[in-house]
Structure formats: structure tokens, C-alpha cells
Q: 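Take a look at this one; I'll ask things after.
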Amino acid sequence: MGEAAHRYDETLPLEYRTQESRLNILGFWIFLGAEVALFATLFATYLVLFQRTGSGPTAGELFEVQDVLIETLLLLTSSFTCGLAIFEMRRGRISGLIAWLLVTLLLGAGFITFEIREFIHYVHEGATMQTSAFLSSFFVLVGTHGAHVSLGIGWMILIIIQLLQRGFTPKTARKVFIVSLYWHFLDVVWIFIFTLVYLLGMVI
């Protein structure tokens with residue numbers, strides 16, 4: 001069993017060449033399924049509560065198009081650069097892989113910076129989690145996504161350190177591939193946040 005788990009298949013990309021790696025990637029897809037359930041619950045809660053503003057500000061009064069567009073541009077661009085990192089990994093170019101991962105990190109950090117600024121602005125406007133059911137659901141949904149992005153940034157930093165120490169191996173390649181799946185998943189979630197939270201809030 002242990003021998004089979006470490007048997008190489010040279011016809012596959014490096015991250016898929018051992019059975020252990022393939023099972024780990026499959027396990028991460030299952031984990032992402034659980035994440036889909038988590039965010040689906042948060043979205044459903046938000047959509048039920050987003051018009052229950054009480055005496056607090058409404059979404060249309062609170063949201064600013066410019067800041068949201070900048071956050072969206074930063075995160076979607078980071079998804080593209082993350083894809084370029086995988087492209088470089090498939091070509092066997094560790095310098096290109098690390099370079100594009102670093103660019104992805106910078107874009108992700110920029111996204112988090114703008115999101116924190118956005119939250120601080122809302123609090124200064126008197127819009128806190130305690131203000132209304134709408135704001136409670138908003139901060140939980142968007143904050144959970146932001147926490148996931150922050151986790152992804154830390155995770156990517158650790159993987160870059162491993163790449164510098166160990167170079168390309170099936171294990172490091174698998175870790176890069178898995179973190180890229182995680183990052184793309186967060187970008188997809190943000191598209192739904194942008195549409196169902198911000199755009200919907202500005203229209204209604």
C-alpha cells in the first residue's frame with residue numbers, strides 16, 4: 001500500500017504523479033465542497049436579512065462603487081497571476097513560479113488592505129454589526145471571505161518558503177496546485193459577493 005502511494009507516473013503533471021498526491025488533491029476538492037456549503041449558508045442568510053436595516057443605513061447609502069471595483073480588480077487579477085504561476089510550474093521554471101506567486105500575494109494583500117479600509121469607513125459612519133440585521137449578515141459574509149483570503153496569503157508564503165528550501169518535488173508541486181485551487185475558489189466566491197451584495201445593494 002505504501003509503495004503504491006509513492007509510485008510515479010511520469011505521464012502526469014508533477015503534482016499528480018503519486019497516488020498520495022492524487023488522493024490529497026481529491027480530498028481538497030471535497031473540502032472545497034464543504035466551503036461551498038458554508039458560503040451558501042452565509043449568502044442565504046444575507047439575502048434574507050439585507051433589507052432589514054432598522055434605523056441604520058441601507059446598502060445603497062453605504063456602498064461606494066469605486067472601492068468595490070478596486071477590490072474586485074485586485075482579486076480577479078490575482079486569480080490570473082495565480083494561473084500564470086501554475087503555468088510556470090508546469091514548464092518546470094521555479095523562478096517564474098515564485099515570481100508569480102509573489103505577485104499574487106501582493107495583489108491579495110492589496111485586496112485585504114482595501115477591505116479593511118472599507119470596514120473602518122463603515123464603522124466611522126456608524127455602521128457596525130450591532131446596527132442592524134443587514135449589517136450583521138454583511139460583516140459576517142464579507143469578513144469570512146476576507147479571513148479566507150488572509151489565510152490563503154499566509155499559506156502561500158509558507159509554500160514559497162518550502163519551494164526555496166526543497167525545490168520542485170511531487171509534494172511541493174501538489175501544495176502549489178492545492179493552494180491555487182483554494183485561491184481560485186475565493187475569487188469565484190468574490191464574484192458572487194460583488195454581484196449579490198454590492199451590485200444588488202446599489203440597485204435596490
Q: Verify side-chain contact (heavy atoms from CB on, under 4.5 Å) between Glu125 and Glu61, making sure each step is shown before the conclusion.
A: CA-CA 10 Å; Glu125 293 293 317; Glu61 294 169 342; over 6 Å; no
Q: Give me the atom names and distance for the closest heavy-atom approach of Leu49 to Ser137.
A: CB-OG, 3.9 Å
Q: For a 4.5 angstrom cut-off between non-hydrogen side-chain atoms, does Arg90 reach Ile86?
A: yes
Q: Would a hydrophobic clustering, with Ile, Leu, Val, Met, Phe, Trp and Tyr connected at side-chain separations under 4.5 Å, put Phe80 with Leu181?
A: yes
Q: List the atom of Gly56, the atom of Thr131, and the distance in Å for their closest heavy-atom pair.
A: CA-CG2, 3.7 Å
Q: Looking at Thr172 and Gly167, would you say the former's side chain and the latter's main chain have a donor-acceptor pair under 3.5 Å?
A: yes
Q: Using the side-chain contact (heavy atoms from CB on, under 4.5 Å) rule, take Trp183 and Val149 through it: C-alpha gap first, then chi angles, then the decisive distance, then the call.
A: CA-CA 8 Å; Trp183 199 261; Val149 174; 3.9 Å; yes
Q: From Met156 CE over to Leu151 CG, what is the distance, rounded to the nearest 0.5 angstrom?
A: 10.5 Å
Q: Which pair of non-hydrogen atoms, one from Glu88 and one from Trp100, has the smallest distance, and what is that distance?
A: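 Here Glu88 and Trp100 meet closest at CG-CD1, 3.6 Å.
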Q: Hey, does Val140 have a side-chain heavy atom less than 4.5 Å from the side chain of Thr45?
A: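 Counting from C-beta outward, Thr45 and Val140 never come under 4.5 Å.
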Q: Return the NE2 to CG distance between His145 and Asp187, rounded to the nearest 0.5 Å.
A: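 His145 NE2 to Asp187 CG: 7.0 Å, rounded to 0.5 Å.
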Q: Check Thr72, Val65, Ile70 against Val68 for a side-chain contact (heavy atoms from CB on, under 4.5 Å) and give me the one that passes.
A: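 Going through Thr72, Val65, Ile70 one by one, the side-chain contact (heavy atoms from CB on, under 4.5 Å) with Val68 is satisfied by Thr72 alone.
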Q: For Val203, which fellow cluster members are found when Ile, Leu, Val, Met, Phe, Trp and Tyr are connected by side-chain heavy-atom distances below 4.5 angstrom, either directly or through intermediates?
A: none
Q: With a 4.5 Å cut-off on side-chain heavy atoms, are Ile98 and Leu102 touching?
A: yes
Q: Restricting to non-hydrogen atoms, name the atom on Leu97 and the atom on Ala85 that form the minimum distance, rounded to 0.1 Å.
A: CD1-O, 3.2 Å
Q: Are the side chains of Phe28 and Tyr182 in contact, using a 4.5 Å heavy-atom criterion?
A: yes
Q: Report the distance from atom CD1 of Ile157 to atom CG of Leu105, rounding to the nearest 0.5 Å.
A: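 Rounded to the nearest 0.5 Å, the CD1-CG separation comes to 5.5 Å.
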Q: Would you kindly say whether His148 and Glu35 are connected by a side-chain donor-acceptor distance under 3.5 Å?
A: yes
Q: Might you point out which heavy atoms bring Leu62 and Pro57 nearest each other, and give the distance in Å?
A: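 What the structure gives for the nearest pair is CD1-CG, 4.0 Å.
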Q: Hey, do the aromatic rings of Phe43 and Tyr46 have their centres closer than 6.0 Å?
A: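 No; Tyr46 has its ring centre 6.0 Å or more from that of Phe43.
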Q: Would you say Phe177 and Asn24 make side-chain contact, with heavy atoms under 4.5 Å?
A: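 Contact flag for Phe177/Asn24 side chains = no.
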Q: Verify, without hydrogens or angle tests, whether Ser78 (side chain) and Leu75 (backbone) share a donor-acceptor contact under 3.5 angstrom.
A: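 Yes: the side chain of Ser78 pairs with the backbone of Leu75.
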Q: So do Phe194 and Glu71 actually touch side chain to side chain, heavy atoms under 4.5 Å?
A: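 A side-chain contact under 4.5 Å is absent here.
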Q: For the pair Thr113 and Leu74, evaluate side-chain contact (heavy atoms from CB on, under 4.5 Å) and give the outcome as yes or no after the intermediate values.
A: CA-CA 11 Å; Thr113 300; Leu74 286 170; over 6 Å; no
Q: Tell me, do Arg174 and Glu20 make a side-chain contact under 4.5 Å, heavy atoms counted?
A: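 The answer is yes; the side chains approach within 4.5 Å.
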Q: Restricting to non-hydrogen atoms, name the atom on Gly54 and the atom on Ser132 that form the minimum distance, rounded to 0.1 Å.
A: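 What the structure gives for the nearest pair is N-CB, 4.4 Å.
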Q: How long is the gap from CE on Met89 to CG on Leu84, to the nearest 0.5 Å?
A: 13.0 Å
Q: Does a donor on one side chain and an acceptor on the other come within less than 3.5 Å for Gln130 and Thr128?
A: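 Indeed, the side chains of Gln130 and Thr128 share at least one donor-acceptor pair under 3.5 Å.
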Q: May I ask you to test the Phe50-Leu196 pair for a side-chain heavy-atom distance under 4.5 Å?
A: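 Answer no - side chains too far apart.
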Q: Who are the ring-ring contact (aromatic ring centres under 6.0 Å, His included) partners of Phe63, not counting sequence neighbours?
A: Phe138, Tyr198
Q: Give, for atom CG of Leu107 and atom CG of Leu73, the distance between the pair rounded to the nearest 0.5 Å.
A: 8.5 Å
Q: Applying a strict under-4.5 Å side-chain criterion to I, L, V, M, F, W and Y, I'd like to know whether Phe139 and Val48 cluster together.
A: no
Q: Cluster question for you: counting only ILVMFWY and a side-chain heavy-atom cut-off of under 4.5 Å, with indirect links fine, are Ile30 and Leu38 together?
A: no
Q: Looking only at atom types and distance, does a side-chain atom of Thr195 sit under 3.5 Å from a main-chain N or O of Phe192, one as donor and one as acceptor?
A: no
Q: I need the Ser150 OG to Ile116 CD1 distance, nearest 0.5 Å.
A: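 Reported value, rounded in 0.5 Å steps: 6.5 Å.
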Q: Any side-chain to backbone donor/acceptor pair from Thr58 onto Thr53? Under 3.5 Å, distance only.
A: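 Here the side-chain-to-backbone pair does not exist.
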Q: Could you see if Val103 belongs to whatever hydrophobic cluster contains Leu76? Use Ile, Leu, Val, Met, Phe, Trp, Tyr and a side-chain cutoff under 4.5 Å.
A: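 No, separate clusters.
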Q: Compute both the distance and the angle, then confirm whether Arg117 meets the cation-pi test with Phe114: under 6.0 Å from the six-membered ring centre, within 45 degrees of the axis.
A: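 Pair Arg117/Phe114 counts as cation-pi.
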